[in-house]
S.K.: 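My questions will all concern the structure given below.
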Amino acid sequence: MEKKRSSNLAQATGLFVLFVNICLLLFIVAPSGHFNLKRIGVDSVIETAISLNQLPKPREDTVLEWRLVDTLTDGDWRVEKYREYEKQLDEKGQVVKETPTENFNYLRYWRYK
């Protein structure tokens with residue numbers, strides 16, 4: 001007679017159940033002070049986060065903008081090439097300086113016939 005071999009699913013299920021039981025046992029046996037949040041300094045982390053939130057926010061005087069630079073055809077596709085520009089604004093929101101960046105985006109559209 002041939003012996004039946006257990007399937008991989010049954011072995012995986014057994015290992016998973018064993019793993020969950022070991023994790024539960026460790027959670028129950030672990031000392032109560034082991035998971036104490038004050039012990040790991042959560043209060044100091046919260047205080048630091050609060051103090052960082054009180055810093056003055058920088059003015060938004062730089063704006064990034066995408067502009068269409070070129071339109072190409074590639075077989076049955078129309079390709080649009082966009083370039084990113086960095087604009088420096090003054091207090092009134094007027095553009096003071098405009099600099100092209102090295103970032104490009106390409107959008108491809110199917111040309112219907």
S.K.: Rounded to the nearest 0.5 Å, what separates atom NZ in Lys97 from atom CD in Glu86?
M.R.: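 It comes to 8.0 Å.
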S.K.: Is there side-chain contact between Leu72 and Arg78, with heavy atoms separated by less than 4.5 Å?
M.R.: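 Sidechains of Arg78 and Leu72: no contact.
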S.K.: Is the shortest side-chain N to carboxylate O distance from Arg83 to Glu102 below 4.0 Å?
M.R.: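 Answer for the salt bridge query: yes.
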S.K.: For Leu107 and Tyr82: C-alpha separation, side-chain torsions, deciding distance, then whether side-chain contact (heavy atoms from CB on, under 4.5 Å) applies.
M.R.: CA-CA 8 Å; Leu107 293 178; Tyr82 290 87; 3.7 Å; yes
S.K.: Rounded to the nearest 0.5 Å, how far apart are CZ of Phe104 and CD of Glu84?
M.R.: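 Taking CZ in Phe104 and CD in Glu84, the distance rounds to 10.5 Å.
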S.K.: Decide yes or no for Asn21 and Leu25: does some side-chain heavy atom of the first lie under 4.5 Å from some side-chain heavy atom of the second?
M.R.: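 Side-chain contact under 4.5 Å: no.
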S.K.: Once rounded to the nearest 0.5 Å, what's the spacing between atom CD of Glu80 and atom CZ of Arg108?
M.R.: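 Atom-to-atom, Glu80:CD and Arg108:CZ are 13.0 Å apart.
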S.K.: Would you give the length of the straight line joining atom CG of Asn105 to atom CG of Asn103, rounded to the nearest 0.5 angstrom?
M.R.: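 So the CG of Asn105 and the CG of Asn103 are separated by 8.0 Å.
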S.K.: Closest approach of Asp70 and Leu68, non-hydrogen atoms and distance?
M.R.: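 Closest approach of Asp70 to Leu68, heavy atoms only: O-CD1, 3.7 Å.
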S.K.: At their closest point, which heavy atom of Leu89 faces which heavy atom of Val96, and how far apart are they?
M.R.: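 Looks like C-CG2, 4.0 Å.
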S.K.: Looking at Thr13, Leu18, Val20, which one forms a side-chain contact (heavy atoms from CB on, under 4.5 Å) with Phe16?
M.R.: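 So the option named by the test is Val20.
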S.K.: In sequence, state the C-alpha distance, the side-chain angles, and the governing distance for Tyr109 and Val79, and then conclude on side-chain contact (heavy atoms from CB on, under 4.5 Å).
M.R.: CA-CA 6 Å; Tyr109 300 99; Val79 181; over 6 Å; no
S.K.: Does some side-chain heavy atom of Gln88 sit less than 4.5 Å from a side-chain heavy atom of Thr62?
M.R.: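 They are in contact (side-chain heavy atoms under 4.5 Å apart), so the answer is yes.
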S.K.: Roughly how far, to the nearest 0.5 Å, is CG of Asp61 from NZ of Lys87?
M.R.: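 The NZ atom of Lys87 sits 14.0 Å away from the CG atom of Asp61.
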S.K.: Nearest 0.5 Å, what's the CG-CZ distance between Asp74 and Arg111?
M.R.: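 Here the rounded value is 9.5 Å.
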S.K.: Given Leu64 and Tyr85, is the side-chain contact (heavy atoms from CB on, under 4.5 Å) satisfied, shown in steps?
M.R.: CA-CA 6 Å; Leu64 298 175; Tyr85 285 83; over 6 Å; no
